[in-house]
Amino acid sequence: MKMKTGLISMAIVSVSVLSACGNQPAPGGAQGSPVSEKPHDPVVLKLYPGQMITPEDMAMMINEPLQKKYPYITVEVIDRSKNPLDNYIAMGEQLDLITQWNGSMSQNMDLALFEEITPLAQKQGLDIGRFDPQAIETVKNISNDGKLYGLPYNVQFNALYYNKDIFDKFGVAYPKDGMTWEDTIELSKKLSRTQDGTAFRGLDPENVARMSFPLSLNIVDAKTSKALVNSEPYKRLFEMTNSVYSVPGNKPSKWKYSTYDAFMKERTVGMFGTVNLFPYLAQVPDFTGWDLAQYPSYKEKPNVYGMFDLHIMAVSKTSKYKEEAAKVLEVLFSDDVQMIATKKTGRVSALKDPKFQQAYGADMPLLKGKNIQSIFKSKPAPAPRLSTYYSKASGIMTTKFQDYADGKKDVNTALREAEEEINKYIEGQKK
């Protein structure tokens, strides 16, 4: 489940791509002048943005550097608002490249949509060994055959954002890196209060699903299509998440609310644990009193946040231009383009060279003076393959958690009913 991740990615700041020098490709796929070869007919590739990509991103991260090295290739984005993926595939329209996050890619594997990447990468000289091996393994685990059907161009991170003004108002020390959830909940008790008619909440973990990710929990087994929530790991999850909301004054007045607005606009939330907020923070320039700390850990999983939440570029199995599509991947994953993305857009590169982390956000004025390196003190948890039924099942699980947090059900009843309802839903879909 993507949660806010998809929305956050849509808003990521786009950048200008710097030209590389020299006439030959540099190590790591850096961009040079077009290689002298026989003329090519123009090729227009079609990209389906399952993971949204803005026109600015397309121009600066793909088409402009493509023009420098492969001027005959252009990539156009399909309007997904008018073309749901299933319908687009059924119509047999041109499809060459697809962006997905690993959760939705898991759910779409049964469509036989994706081309195996390894042979294409080898032919193009794209070294998969440059990638974080755990990120690559996460993509391989999406499939039943363990093959690689895409490459990650962004790794989502988690952080604990906090409002320094609220901490200063109540004379409370700021969060520190290395805190557990228990530490963070204790800190939240010092902030959750009503003062001068304004209700302040100390900590918002976004939702129970976000809290589940560091535990690598799966709601539905992708192979058996059976619910997994009526279990001790989910009981641990429900109880820990409820301990956040059970702090007096810390539970929201209603469950359907925008944590983003509460933290950045209303400014009534002291700490907010979530994914990349930088694009949203850039839209509220008057909010300068924020910083971030390392995402809280479960005691049994120190220095672990989220789970591998990857934005992936894949090649369509039906494409007539697989070689040209592989050239797009070569350009996108060049050191030059990845460094620009790292410095200027807030993307975390999946390339394992530490220079990318060291340069993170270097050209983003928004991040000056912020505790950015706290992001890299944790690593993502392994990500399970998500079932086709994940999204609906997650909604059922979340509703049952809210019943528990509201005192309408005990934890065991909530989990049992969630499992029963999820399995009933799945059986109904099979008929």
Side-chain angles (χ1 to χ4, degrees), residues 1-12 47-53 57 61-62 85 97-109 113-118 121 126-144 146-159 209-210 212-218 222 274-276 278-279 295 304-316 328-329 332-333 337-338 341-342 345-353 356-357 360 375-376 378-387 390-391 394:
M1 179 177 180
K2 192 58 179 167
M3 311 306 302
K4 303 291 185 182
T5 308
L7 295 174
I8 291 170
S9 302
M10 293 180 212
I12 284 182
L47 182 149
Y48 191 92
Q51 178 67 43
M52 282 298 294
I53 186 165
D57 286 337
M61 304 301 294
I62 294 178
L85 183 58
L97 293 160
I98 308 131
T99 59
Q100 301 257 281
W101 78 285
N102 48 298
S104 60
M105 192 171 187
S106 293
Q107 297 172 58
N108 288 328
M109 283 304 295
L113 178 61
F114 309 107
E115 179 73 13
E116 186 185 358
I117 288 294
T118 304
L126 178 55
D127 182 8
I128 295 173
R130 295 165 57 231
F131 290 79
D132 178 338
Q134 288 184 300
I136 293 297
E137 200 60 31
T138 297
V139 182
K140 287 182 177 180
N141 287 340
I142 291 171
S143 64
N144 288 324
K147 293 180 180 178
L148 187 65
Y149 289 95
L151 290 172
Y153 62 91
N154 182 39
V155 183
Q156 187 60 273
F157 66 82
N158 287 233
R210 179 71 63 209
S212 76
F213 291 159
L215 300 172
S216 298
L217 296 182
N218 207 351
T274 189
V275 291
N276 187 347
F278 300 150
Y295 193 76
V304 172
Y305 63 41
M307 63 180 177
F308 269 100
D309 179 352
L310 305 172
H311 302 168
I312 298 167
M313 183 77 78
V315 175
S316 169
V328 174
L329 298 183
L332 177 61
F333 293 110
V337 173
Q338 289 292 298
T342 295
T345 76
R347 288 182 174 90
V348 175
S349 178
L351 300 186
K352 65 184 180 182
D353 193 317
F356 295 105
Q357 288 188 5
Y360 184 85
I375 294 169
F376 302 106
S378 294
K379 296 293 184 183
R385 179 180 176 183
L386 303 186
S387 164
Y390 179 87
S391 296
S394 181

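Quick note: residue numbers are just sequence positions, from 1.
Using a 4.5 Å heavy-atom threshold, the side chains of L85 and L113 count as touching. With contacts defined as side-chain heavy-atom distances shorter than 4.5 Å, the pair P152/F131 qualifies. P380 is not listed as a side-chain neighbour of F213, based on a closest heavy-atom distance of 4.5 Å or more. In this structure the side chain of D132 reaches within 4.5 angstrom of the side chain of F308, judged on heavy atoms. Taking the side chain as every heavy atom from C-beta outward, F333 and L126 approach each other to under 4.5 Å. Looking only at side-chain heavy atoms (C-beta outward), Y149 and E115 stay at 4.5 Å or farther from each other. Side-chain atoms of V348 and F376, non-hydrogen and from C-beta on, do get closer than 4.5 Å to each other. V337 is listed as a side-chain neighbour of M61, based on a closest heavy-atom distance under 4.5 Å.
Of the candidates N276, V275, I375, D309, V275 is the only one forming a side chain to side chain contact (heavy atoms under 4.5 Å, CB included) with N158.
Under the 3.5 Å distance criterion, the side-chain polar atoms of S216 are matched with a main-chain donor or acceptor of P382. In this structure a side-chain-to-backbone donor-acceptor pair under 3.5 Å is present from S143 to K140. Under a 3.5 Å cut-off, the side chain of S394 and the backbone N or O of Y390 do not form any donor-acceptor pair. Using a distance-only test at 3.5 Å, with no hydrogens or angles considered, a donor-acceptor pair links the side chain of Q338 to the main chain of L332.
The two residues Y305 and P214 make their nearest non-hydrogen contact at C-CG, 4.1 Å. A381 approaches V304 most closely through the heavy-atom pair CB-CG1, 3.6 Å. G103 approaches L386 most closely through the heavy-atom pair CA-CD1, 3.6 Å.
K352 pairs by the side chain to side chain contact (heavy atoms under 4.5 Å, CB included) definition with P133, not counting sequence neighbours. In this structure N218 satisfies the side chain to side chain donor-acceptor pair (under 3.5 Å) test with no other residue, sequence neighbours excluded.
In this structure, L148 CG and E116 CD are separated by 7.5 Å, a value rounded to the nearest 0.5 Å. A distance of 11.5 Å separates OG of S104 from CE of M109, quoted to the nearest 0.5 Å. Atom-to-atom distance recorded for M313:CE and Y153:OH is 6.0 Å, nearest 0.5 angstrom.
A salt bridge links D57 to R347: one of the charged nitrogens lies within less than 4.0 Å of a carboxylate oxygen.
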Pair I128-I136, side-chain contact (heavy atoms from CB on, under 4.5 Å): steps then yes or no: CA-CA 8 Å; I128 295 173; I136 293 297; 4.0 Å; yes
Assess whether side-chain contact (heavy atoms from CB on, under 4.5 Å) is satisfied between L97 and Y48, documenting all intermediate values. CA-CA 6 Å; L97 293 160; Y48 191 92; over 6 Å; no
Pair S349-T342, side-chain contact (heavy atoms from CB on, under 4.5 Å): steps then yes or no: CA-CA 6 Å; S349 178; T342 295; 3.8 Å; yes
Quick one, I142 with I312, criterion side-chain contact (heavy atoms from CB on, under 4.5 Å). Give me CA distance, side-chain angles, the key distance, then yes/no. CA-CA 12 Å; I142 291 171; I312 298 167; 4.1 Å; yes
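Checking N108 against Q100 by side-chain atom types alone, a donor-acceptor pair falls below 3.5 Å. Judged purely by distance below 3.5 Å, without hydrogens or angles, the side chains of N144 and R385 pair a donor atom with an acceptor atom.
Between Y360 and F157, the angle of the ring planes goes over 60°, which puts this pair in the perpendicular group of the 30/60° scheme.
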